[in-house]
Amino acid sequence: MQEYNPQQVEAKWAKIWEKKKAWKVDLKKAKKPYYNLMMFPYPSAEGLHVGNVYAFTGSDIYGRFKRAQGYDVFEPMGFDAFGIHSENFAIKKGVHPKTQNAKNIAHFRQQLESLGALFAWDHEVDTTRPEYYKWTQWIFLQLYKVGLAYKGKAPVEWCPSCKTVLANEQVINGKCERCDSQVIQKELEQWFFRITKYAERLLKNLEKIDWSERTKASQRNWIGKSEGVQFSYKVKDMDIHFEMFDSVPQTFMAQTFTVIAPEHPKLYELVKGTEHEKSVLEFVEAIKQKKAAQKFDIEKEARGIFTGRYIEYTPAKRLLPIWVASFVIADYGSGVVNASAHDERDFAFAKKYHLPLHPVMFPEDPIEAEKVKSLEYCYHHAVDGVLVEPAEFKGRNWSEVRGDIVDYIERNRWGKRVSQYHLRDWLISRQRYWGPPIPIIYCKKCGTVPVPEKDLPVLLPFVKNFRPEGTGKSPLASVPSFVKTKCPTCQGPAERETDVSDTFLDSAWYFLRYPCTDIKTKAFDADILKKWLPVNMYIGGQEHAVLHLLYTRFITMALNDLGFVEFEEPFKKFRAHGLITKEGAKMSKSKGNVENPDDYFKKYGADTVRLYLMFIGPFAEGGDWSDKGIVGMYRFLNRLWGFVERSQGSSEASLESLRHKTIQKVTEDLENLRYNTAIAALMEYLNESSRASKGSKKDAETLLILLAPFVPYITEELWKMLGSKDSVHGQPWPSFDQKLVAEKSFKLVLQVNGKVRDVIEVSIGISQKEVEKKALSSEKIIKTLQGKKPSKVIFVPNRLVNIVV
RNA sequence: GCCCUCGUGGUGAAACUGGCAGACACGCAUGGCUUAGGACCAUGUGCCGCAAGGCUUGGAGGUUCGAAUCCUCCCGAGGGCACCA
C-alpha cells in the first residue's frame with residue numbers, strides 16, 4: 001500500500017515528460033492539426049496568479065481532450081511582455097525593464113511548467129525580443145504602404161502622471177486607469193491605424209464566427225453602428241454647406257435650430273468679422289478649458305451661444321439659427337446637428353435659451369397631446385407617437401413610419417441613407433520607452449520615409465534613463481544615437497520617429513508567429529499558416545472582448561487584403577472564461593487579495609488545484625476562490641488512488657451501462673467546456689464503482705482516461721500502477737455505445753394533474769396501455785383520485801404519465 | 001438611457017429539446033475508528049410539520065395536462081456602450 005503523494009508524483013512525471021519532449025508536435029508532418037490557443041500572459045513581477053491558472057487549465061483540458069481524440073494539438077505559450085505595466089514597475093523599483101522582464105519570464109515559465117500543460121515550449125514567443133518585434137514593425141510598414149497607417153494631429157487623452165498618451169479605453173471616468181490621475185486633453189501628432197475602414201466588415205463577420213454571444217455583443221456595442229439619414233444644408237448668405245446626421249429621421253419636420261460643436265473646424269469661418277466673433281471665440285475658449293480640466297459636468301451644463309448665422313432648412317422652408325453648444329461631439333457624425341422638440345437635450349437647451357420649438361408628434365391621449373403642444377415636457381422616443389407632419393404622413397405611427405420617411409427624404413433629395421459608427425481609428429503611438437519603435441524616418445527633403453524592410457528591426461536602444469519627461473516626447477527622443485540617422489532615400493541627415501507602438505499591436509498577431517518561430521526570413525510562412533490557421537479554439541478573458549479581439553481581427557483582415565494570409569477571421573471559435581474572484585471581489589494587488597497558486601501547488605499538487613478550479617462552476621462564468629472546497633477534490637483523488645490500487649489484477653466486471661453513460665456525458669461536457677458537470681459525472685462513476693465492486697480494472701482504466709485531461713499527473717502514475725507500459729495520455733478517447741447507455745428499465749413518474757404522486761420501476765419501451773393499467777392500480781394514485789374518472793391521460797414515452805381529472 | 005448576461009438550499013452549484021427541482025461537492029449533524037485532535041469510514045441533511053401532508057427556483061401575472069426553463073410587467077446583481085443627435 002502506497003499513499004498518494006502529489007509532490008512526488010508530479011515532480012517525477014514533469015521530469016520524464018520534459019526529457020521525452022512528450023508534447024512536441026511536428027508542425028510540418030502533423031496529419032490532423034488542431035491549433036488550441038490561449039491568451040498569452042503579461043509576465044508581471046508577482047508571478048502567475050490564480051486567474052492565469054484558471055484560464056490555462058481550462059484551455060489545456062480542452063487541448064488534451066482534442067489530443068486524445070486523435071488531433072495533433074499545437075498549444076503554444078508565450079509572453080506579452082512589452083508595455084507600460086513593466087515600465088512603471090521598473091521605474092518604481094529602479095530596475096531596467098529588460099532585466100526585470102527576463103527575471104519575470106523565468107519565474108513564469110517555471111510556474112507554468114508545474115501546471116502540467118501541453119505547452120509547446122519550442123515555439124515560445126516573447127514580444128520584447130528583436131526577432132519578434134522586427135515583424136511587428138514589418139506589419140506597421142505593410143499597413144503604411146496601403147494607407148492604413150497614417151499620421152494625424154488629434155486631441156488625445158494625456159495622463160500628466162504617467163506622462164503619456166492614453167488610449168480611450170485606458171481612461172475610466174476621466175481618470176487614468178492605472179494611476180487614477182485626472183486625464184487632460186492635448187493635441188499631438190500621432191500614428192493611427194485606419195480600423196474605421198473595416199467597421200462594417202468587423203461587424204458583419206461577427207455573424208459567421210463561432211464566438212460567445214456576450215463577446216460579440218460587446219464588439220457590436222463598441223463598433224456602434226447607427227443607421228440614419230445624412231442631410232445637407234446651406235448656411236444662409238455663405239458658401240458653406242453642412243452635412244448632418246440624424247438617426248431618428250421621423251421627426252425631421254420638428255427641427256427648429258442647429259447646434260455645432262465648439263471644436264468644429266468651420267466655426268471660425270462662420271463668425272469671422274461679425275459682431276458675434278468675439279463672444280463666440282470667448283465661449284469656445286472657455287468650453288475648451290473646462291474640457292481640458294475635465295471639470296465639465298455632463299448632467300447639468302448644457303451651455304451655448306448664438307453664432308448669428310442661419311441654416312436654410314429646405315424641407316420646412318424655415319431658417320434655423322446656428323448655436324454653438326457644449327454637448328455636441330466634434331468627431332462623431334459631422335459635428336453639426338439639427339435640433340428638435342423631440343430630443344431631451346435639445347428641448348432643455350431650447351428652454352434655457354428661449355429657442356423656438358415645433359413638435360410634430362403627439363400621444364394619442366388628447367390631454368397629453370395638449371401638454372406636448374404647449375411644450376410642458378419633451379415627448380421623445382415614444383413608440384406610439386402619432387405624426388402630424390409632413391402632411392403625407394399625418395396620423396401614422398412613429399415606430400412604423402421610419403422606412404417610408406427615409407424614402408420620402410431621399411425622393412426629395414434632402415438627404416440620403418447612411419450609417420455612422422462609434423468606432424474610432426486606433427491610436428497606436430505611445431510616448432514611452434518599453435515598446436517597439438515605430439519604423440519611420442523624417443527627412444527634411446523627402447518628408448516621412450518608412451524604414452526599408454531590409455533595415456528592420458529598428459532596435460530599441462538600451463537606455464538607462466527611460467523615464468518619460470513629460471514633454472510629450474518619448475524617452476527615445478533624448479538618445480541622439482537613436483534619433484540621428486540617414487534618410488533611406490536621399491542619404492541625407494534625418495531623424496527617427498521616437499514613439500513606440502501600442503502593446504495591443506504586439507498581441508494582434510502573435511498567434512501567427514507561434515507556428516513560425518523557427519523562420520528567420522519572414523514573419524510567417526504561407527504553407528504553415530495554411531495548414532494551422534485560423535486558430536481552432538481560442539480561450540481568454542472577457543476583459544479582452546473588445547480591444548484585443550477587435551484589433552486582432554482588424555490586423556488579420558488587413559493582412560488578408562494584402563495577400564499575406566488566406567483567411568480574414570483569425571479565430572474560428574472563441575470562448576471567454578469567467579473571472580476568478582476572492583470573496584466576490586476582483587483580485588488585485590492594491591486590494592491585497594491575490595491568491596498565489598504556488599502555495600496550493602505545494603500543499604495539494606497541481607492536479608488538485610486544476611480539478612478544484614474547474615469544479616467551482618461553469619468555466620464561462622468563473623467563480624469565487626475559497627480554499628474550503630479544495631479539500632473535496634483532494635479527497636476525490638485519494639479515493640481514486642485507493643480504487644485503482646485495489647483494482648490491480650482484478651477481473652471484476654465493470655458497470656457497463658454507467659461506464660458508457662459516463663463516457664457520453666464527459667465527452668459532451670468537454671466539448672462544451674462544461675467541466676464542472678463532467679467532473680461531477682466522474683465522481684458519481686467512482687462512487688458507484690466503489691460501492692459495486694472492490695475494484696474493477698475496466699472501470700479504473702476508463703476513469704483514468706476520462707480524467708487524464710483534468711489531472712494529467714496522477715492519472716499517469718495510476719495508469720502505470722495498472723501495469724501499462726505506455727502513457728495514459730496516448731490512449732484513444734473511449735467511445736460509447738448508445739445501446740449500452742440506455743438501461744433496461746427506468747423510473748416512471750406517475751402524475752395526477754401535473755403533480756408527482758408515485759414513481760414505479762418499469763421496463764423501457766413500455767406501451768401507453770400497460771402504463772395506464774399500472775398507473776391506475778397504484779395505491780397512491782387510487783388514493784389521490786378518490787374515485788374520480790380521468791378526463792385525459794398524457795403519456796410521455798419512457799418518462800412519465802400524467803392523469804388529468 | 002441603450003445592449004448583453006444572470007437571479008435555484010447554510011455555501012459553490014446541477015436539471016439535455018418544457019416532463020421526479022436541488023445531481024456532484026463544501027459545510028453541518030449523528031455514529032464508528034482514535035488516548036485526544038486531525039485524517040478516514042458509514043448514515044442523514046431544501047423549508048414547515050410528530051405525522052399524514054403541504055410549501056418551494058427574486059416578485060406578480062399569463063400560456064400549458066405539466067414551467068427553474070416559454071411570454072408580459074416589475075425588483076435586484078454583474079458586464080459592455082454612452083451628451084453618439
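Excluded from the calculations below are hydrogen atoms, water molecules and symmetry mates; all remaining heavy atoms, backbone and side chain alike, are included. First the proteins, then the strands, lettered A, B, ... as listed; each starts at 1.
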Counting heavy atoms from C-beta on, name the nucleotide in A13(B), A85(B), C3(B) closest to the side chain of P618(A). A13(B)
Look at all strands and tell whether G623(A) reaches a base, only sugar-phosphate, or nothing, counting heavy atoms closer than 4.0 Å. nothing
Quote, to the nearest angstrom, the C1' distance that separates C16(B) from G27(B). 30 Å
Among A14(B), A85(B), G54(B), the one nearest any side-chain atom of R345(A) is A85(B)
Indicate whether any N or O donor in one side chain lies under 3.5 Å from an N or O acceptor in the other, for T215(A) and S212(A). yes
Counting any heavy atom closer than 4.0 Å, what does D246(A) reach on the DNA or RNA strands: base, sugar-phosphate only, or nothing? sugar-phosphate
Looking for any heavy atom pair under 4.0 Å, which part of the strands does V804(A) touch: base, sugar-phosphate only, or nothing? sugar-phosphate
Does the cation-pi check pass for R553(A) over W211(A), that is, NZ or CZ under 6.0 Å from the six-membered ring centre and within 45° of its axis? yes
R635(A) has a side chain; which of C26(B), A23(B), C4(B) sits nearest to it? C26(B)
How would you label the contact of R639(A) with the nucleic acid (heavy atoms, under 4.0 Å): base, sugar-phosphate, or nothing? sugar-phosphate
Which one, C24(B), A25(B), A14(B), comes nearest to the side chain of M633(A)? A25(B)
Under 4.0 Å, counting only non-hydrogen atoms across every strand here, what does I616(A) touch: a base, just sugar-phosphate, or nothing? sugar-phosphate
At 4.0 Å (heavy atoms only), tell me whether R757(A) reaches a base, stays on the sugar-phosphate, or touches nothing. sugar-phosphate
Please report the distance separating the P of G80(B) from the corresponding atom of G61(B), rounded so that it comes out in whole Å. 36 Å
Suppose you measure atom P in U57(B) against the same atom in A68(B); what distance do you get, rounded to whole Å? 7 Å
By the 4.0 Å heavy-atom rule, please label N338(A) as base, sugar-phosphate, or nothing. nothing
Minimal non-hydrogen separation, V328(A) against V337(A), with atom names: CG1-CG2, 4.4 Å
Remember a base hit wins even if backbone is also touched, and classify V756(A) as base, sugar-phosphate or nothing at under 4.0 Å, heavy atoms. sugar-phosphate
Describe the nucleic acid contact of Q542(A) in one word from base, sugar-phosphate, nothing, applying a heavy-atom distance below 4.0 Å. nothing
Looking only at side-chain N and O atoms, does S226(A) come under 4.0 Å of OP1 or OP2 in A85(B)? yes
How would you label the contact of D346(A) with the nucleic acid (heavy atoms, under 4.0 Å): base, sugar-phosphate, or nothing? nothing
